[in-house]
Amino acid sequence: IYDSETSQLADDEKTIMKTTLMMVQNPNGMGPKILCRAFIDCGTSRTYITPRLANALNLKQESTRTLQVDRFSGPDEQPLTVEITTAKMNVITPNGKTTKISIAVSDKCMTEMTRRAVPSQVLDSLPEGVRLCDEPLTANKRVPVDVMLGNDYIDDFVSTERIDLGGGFRALKSDFGWILSGRLPDESEPTKPKYEVGALILTKSSKPADEIARAEHQLPGNLSDLW
């Protein structure tokens, strides 16, 4: 439910999160069609939306529940308690198909996230005719998010077809268009010094130190460096 971009990433890396623009509407087919941003979140078992989107769509409340959400924490930390309201919502894809889905409304749902700039060489490597479903940025930007599309509906909208773009980037095919994701260096962090790793070998010997030193000069070059 929280905005975290560094989970399971290598040091000094950030990720371009999987996002898509999505058209949604009240399930009765009445009222405005609202274009919002969805975050594709395979780490959650259900789909969440923000209260502001629920209010804008005038969604009818079905039930209220309390969830216990597990999270990364210490052994003594309790699960997070989250109050949710369940409802229905229509999702309309660019080809006009309408799908009614069940969603959970929670004030703990993230309402914005940082979208990161996409390297130009990645965009240049996109095949002709591939349409991204969220506009690529040339600079990092905080943007609103109103839907977290969870595992309950990801497979309904996102296929297994993908295009590898190189450098850890890929595009995933979906009903909304192609979803871009990938890893990139975090240029906002100061560059960390790089260190060479060496080895020190200690040997127990009854020989005098000068004999050990003479033996070192008899070693081949590559072993002498290790020694």
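These values consider heavy atoms only, across backbone and side chains, with no hydrogens, waters or symmetry-generated copies.
Linking Ile, Leu, Val, Met, Phe, Trp and Tyr whenever their side-chain heavy atoms come within less than 4.5 Å puts V147 and L172 in one cluster. When hydrophobic clusters are built by joining Ile, Leu, Val, Met, Phe, Trp and Tyr residues whose side-chain heavy atoms come closer than 4.5 Å, directly or via intermediates, V122 is grouped together with I163. Residues M148 and I103 are members of separate hydrophobic clusters, defined by side-chain heavy-atom contacts under 4.5 angstrom among Ile, Leu, Val, Met, Phe, Trp and Tyr. Follow the hydrophobic side-chain contacts under 4.5 Å out from I154 and you never reach F39; the two are in separate clusters. L184 and L123 fall within the same hydrophobic cluster, where Ile, Leu, Val, Met, Phe, Trp and Tyr residues are linked whenever their side-chain heavy atoms come under 4.5 Å apart, directly or through other members.
Using a 4.5 Å heavy-atom cutoff, the side chains of L165 and L126 are in contact. At least one side-chain heavy atom of V24 sits less than 4.5 Å from a side-chain heavy atom of C36. Side chains of V143 and M113 form a contact here, defined as non-hydrogen atoms less than 4.5 Å apart. Considering only heavy atoms from C-beta on, R142 comes within 4.5 Å of T114 through its side chain. Under the 4.5 Å side-chain criterion, counting only non-hydrogen atoms from C-beta, I49 is not in contact with D146. Proximity of T99 to F157: side-chain heavy atoms (C-beta onward) are separated by under 4.5 Å at one or more points.
Note that CZ of R65 and OG of S106 are 12.5 Å apart. Values are rounded to the nearest 0.5 Å. Atom CG of residue N140 and atom CZ of residue R116 lie 5.0 Å apart, to the nearest 0.5 angstrom. To the nearest 0.5 Å, the span separating CD on Q25 from CD1 on I92 amounts to 4.5 Å. Annotation: the span from S174 atom OG to I40 atom CD1 amounts to 7.0 Å, rounded to 0.5 Å. Note that CG of L53 is 6.0 Å distant from CE of M89, once rounded to the nearest 0.5 Å. To the nearest 0.5 Å, atoms CD1 (I16) and CG (L180) are separated by 5.5 Å.
In terms of the ring-ring contact (aromatic ring centres under 6.0 Å, His included) criterion, F169 has no residue partners (sequence neighbours excluded).
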Let me have the donor-acceptor pairs involving side chains of residues 127-137, under 3.5 Å, with sequence neighbours excluded, atom names and distances please.
unit_1 : atom_1 : unit_2 : atom_2 : d
R131   : NH2    : F176   : O      : 2.7
D134   : OD1    : R37    : NH2    : 3.1
D134   : OD2    : T19    : OG1    : 2.7
D134   : OD2    : R37    : NE     : 2.8

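Listed for the Y48 side chain is no donor-acceptor partner under 3.5 Å among the backbone atoms of M110. At least one donor-acceptor pair closer than 3.5 Å links the side chain of T86 to the backbone N or O of S63. For the pair T20 (side chain) and M22 (backbone), a donor-acceptor distance under 3.5 Å is absent. Within the 3.5 Å criterion, the main-chain N or O of G150 finds a donor-acceptor partner in the side chain of T47. At distances below 3.5 Å, at least one donor-acceptor pair connects side-chain atoms of N151 with backbone N or O atoms of C42. Looking at N26, its side chain does come within 3.5 Å of a backbone N or O of N58 through a donor-acceptor pair.
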Check against side-chain contact (heavy atoms from CB on, under 4.5 Å), N90 and K100: CA-CA 4 Å; N90 279 351; K100 183 182 296 185; 3.5 Å; yes
Working for side-chain contact (heavy atoms from CB on, under 4.5 Å), residues I84 and R46: CA-CA 11 Å; I84 67 167; R46 66 170 61 222; 3.6 Å; yes
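Each ring-ring contact (aromatic ring centres under 6.0 Å, His included) pair with one or both residues in residues 108-148, not counting sequence neighbours, would appear here, but there are none.
Contact detail for S181 and K18: the closest heavy-atom pair is CB-CG, 3.7 Å.
Judged by distance alone, the side chains of R183 and T15 never bring a donor and an acceptor atom under 3.5 Å apart.
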